[in-house]
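Following: one structure in structure tokens, then a few remarks.
Chain letters run A, B, ... following the sequence lines, proteins first and then strands; every chain starts at 1.
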Number of protein chains: 2
Amino acid sequence: MTIKELAHICGVAVSTASRAMNDRTGVSQETRARILEAAAQHGYVPNSSARSLKITSTRAISVIIQGEPSRLLINVLQLLEEEFAAAGFTTTLTHVPVRRAHAATVERIVREGKFGGVVFLGRYGDGEPAGSSELTRQLAEIDAPMIFCTTSDYSGTSYPHSSVSVDDYAGGLELTNHLTALGHRRIAFVGGDSEQGRGHAWALRLAGYRSALESKGISVDPGLVIAPSLPAQLYTVENGYESTRAWLSRGRVDATALIASCDAVAVGAARALHEAGIAVPADCSLMGFDGLDIGHYLVPRLATIAQPLSEIAAATARVLLATIDDPARPTEQVRIRGRFLPGESVTKPHPAAV
Amino acid sequence: MTIKELAHICGVAVSTASRAMNDRTGVSQETRARILEAAAQHGYVPNSSARSLKITSTRAISVIIQGEPSRLLINVLQLLEEEFAAAGFTTTLTHVPVRRAHAATVERIVREGKFGGVVFLGRYGDGEPAGSSELTRQLAEIDAPMIFCTTSDYSGTSYPHSSVSVDDYAGGLELTNHLTALGHRRIAFVGGDSEQGRGHAWALRLAGYRSALESKGISVDPGLVIAPSLPAQLYTVENGYESTRAWLSRGRVDATALIASCDAVAVGAARALHEAGIAVPADCSLMGFDGLDIGHYLVPRLATIAQPLSEIAAATARVLLATIDDPARPTEQVRIRGRFLPGESVTKPHPAAV
DNA sequence: CTGAAAGCGCTTACAG
DNA sequence: CTGAAAGCGCTTACAG
């Protein structure tokens, strides 16, 4: 059923039916009621294509996720939807495969002009440094309100778009400080490489780890920074397991604690430690990052930094909507402090370490 | 830029530009090349609203997920996208909140007629029995190709739509047989209630559990079937933890093994057992269901039934596409056997049980 | 091979 | 308050 048929049934013009359906002024109370009733009775649903073809300022947001979304991103997506819905905006998720030409797809979405704004959720591009990637450069040329959510560029170089994320650096710092306060000196970091990771969450967490150690006068041992065995799937349980196993196979390193680049990596690392006969936390303490629900139920319960997802979603919506209202608005980099969640996976250093 | 501008630039008619862009016959090789080049140069992107307003047979599939999607559903979604893409179909995900009027939203999506077919992924409706819910009845009146994926109706009553899922019943049977073969007699089941669950995955797994016990001459003790403490979020770690804890607090029950309705529930149950001083598997064996990646890395490694996700996605696409080709095609109920994954969470029964 | 025209289902000035 | 008409950007018979 089209609006034309609906109008015919009610004996009114199409324009009147449209006004009634869209809750617009300029229709008498009774005419509106009659039309709405007929619409409900006949199950009339406006054709959204025709609608968006006419509508100029589309109150819609496109959320773009690249690759397989993690549990965390799904939770953020949920919250983003709620935030935007509260402001009267629709949210549409577009899923961009990692392999395909990402920039082209994004450009297409933006150029189509169906959306009032775009949220990039999670990583984007090919994992290059956020501020200097080819994609970022291309995006800078596209004139549309956009924001990066849970992706940040700690390097602080000029950054063409707004972003919102947990303060990964401060989190890495805090986790490490917890461990040094307990007396740990030989602390390993798994899931990140020191090279080519600028702008990545793990790289910022690693930077926090380095700073914390240095501020305590502990020199960072390169042998304790464990490169990812599966660089294509950094934040996965598999990567945590394989990386830690490869590291342990290289011989005794005397670490008394291990910080994982995220909770999932921590789970994999815990398994690798277990298989090597190293008990958590008796022989080696373990820290995660993200605050996933599941970490709270593991045995031992995982110590971690919880990402403030609600605040991240709220800030993302706030900044993007403000940018839509005022495109000339300066960009904003929002970093929100995470909350430390103590766990059973951490204790004082064992004299005979890993 | 619109197709009109593109046509103007190339000095051709709009219809010619359209034909060139859509790879249609009836354009000279050189004209086509010229138009495509101009399109690429100016970054012309067709307006999809205008396009879908004209197109009759929309080669697009709507995937509807209700509530917060689990890890498992996300994986299936991924695979579905690939399957449909291979057949030249676009996939659009619509996320329906649990609270809101689900039937109305679904009806709206279907009635809009933008999609060639609809996949319901995961649970739908208010958790009522699949075959007899109000929603199913309403959907039966909507004339569009649809299929239910990972949702099934084991009851075998006449079912108005096609569905594809793992064989939950056979899986429940297999898990239980493994335990009885090891000598277990007092086996509990957590995460499902015996009432009002017809059509739910956990109910089918529970049915398999019952049958397996009965076939061994072991009577099912109602005290060993643990009702969910959080019925609103059945397949969650939280529910596994809370349900098991509530059950353990009711006193000694002599169970030597516990089957969880899914892997997530198993993780929560493991935590509750641990807090009660019950060791897995020494004091109590534990079985999951689904075969999530993480279960493979837990300590102890979780024994489970792996859902054949690729096969489920492939069958879903196959049946739905066949239904689109031939709407008169009879509905089909596909049940795919899961694969048992042994784990360290299961052993022979301990004499002094829970 | 190419073009002019109709029309998909809507919304929105513009008249009355 | 209501209606007739233009037009959003595209595709597709229909002529040439």
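- Side-chain N or O atoms of A/H42 include one that pairs as donor or acceptor with a backbone N or O of A/A38 at under 3.5 Å.
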Can you give each donor-acceptor pair under 3.5 Å made by side-chain atoms of residues 320-329 of chain A, sequence neighbours left out, with the distance rounded to 0.1 Å?
| from | atom 1 | to | atom 2 | distance (Å) |
| --- | --- | --- | --- | --- |
| A/T323 | OG1 | A/V319 | O | 2.8 |
| A/D326 | OD1 | A/A328 | N | 3.1 |
| A/R329 | NH1 | A/E332 | OE1 | 3.3 |
| A/R329 | NH2 | A/E332 | OE1 | 3.0 |

Requested in this report: Quick one: the dot-bracket string of DNA chain C, using Watson-Crick and G-U wobble pairs with both distances under 3.5 Å, [ ] for crossing pairs and | for bases paired to another strand.
Outcome: |||.||||||||.|||
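- Residues satisfying the side-chain contact (heavy atoms from CB on, under 4.5 Å) test with B/A39, not counting sequence neighbours, are B/L6, B/M21, B/Y44.
- A donor-acceptor distance shorter than 3.5 angstrom exists from the side chain of A/T150 to the backbone of A/G122, with no hydrogens or angles considered.
- A search for side-chain contact (heavy atoms from CB on, under 4.5 Å) contacts involving B/A315 returns B/V164, B/R318, B/V334, B/I336, not counting sequence neighbours.
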Taking distance alone, no hydrogens or angles, what donor-acceptor pairs closer than 3.5 Å link side-chain atoms of residues 28-36 of chain A to residues at least two apart or in another chain?
| from | atom 1 | to | atom 2 | distance (Å) |
| --- | --- | --- | --- | --- |
| A/S28 | OG | A/T31 | N | 3.2 |
| A/S28 | OG | A/T31 | OG1 | 2.5 |
| A/R32 | NH2 | A/R24 | O | 2.8 |
| A/R34 | NH1 | A/C10 | O | 2.7 |

What pairs of nitrogen or oxygen atoms, one from the protein and one from nucleotides 8-11 of chain D, lie under 3.5 Å apart?
| from | atom 1 | to | atom 2 | distance (Å) |
| --- | --- | --- | --- | --- |
| D/dG9 | N2 | B/A50 | O | 3.4 |
| D/dC10 | OP1 | B/Y44 | OH | 2.7 |
| D/dC10 | OP1 | B/N47 | N | 2.9 |
| D/dC10 | OP2 | B/I3 | N | 2.3 |
| D/dT11 | OP1 | B/N22 | OD1 | 3.2 |
| D/dT11 | OP1 | B/N22 | ND2 | 3.0 |
| D/dT11 | OP1 | B/R51 | NE | 2.7 |
| D/dT11 | OP2 | B/S18 | OG | 2.6 |
| D/dT11 | OP2 | B/N22 | ND2 | 3.2 |

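- The side-chain contact (heavy atoms from CB on, under 4.5 Å) search around B/Q78 returns A/E68, A/P69, A/H95, B/E82, not counting sequence neighbours.
- Pairs of residues two or more places apart, or lying in two chains, never qualify as salt bridge (charged side-chain N to carboxylate O under 4.0 Å, His left out) while including a residue from residues 308-317 of chain A.
- Rounding to whole angstrom units, CZ of residue B/R34 and P of C/dC1 are separated by 14 Å.
- Remark: A/S28 is in phosphate contact with D/dT2, judged by side-chain N or O atoms under 4.0 Å from OP1 or OP2.
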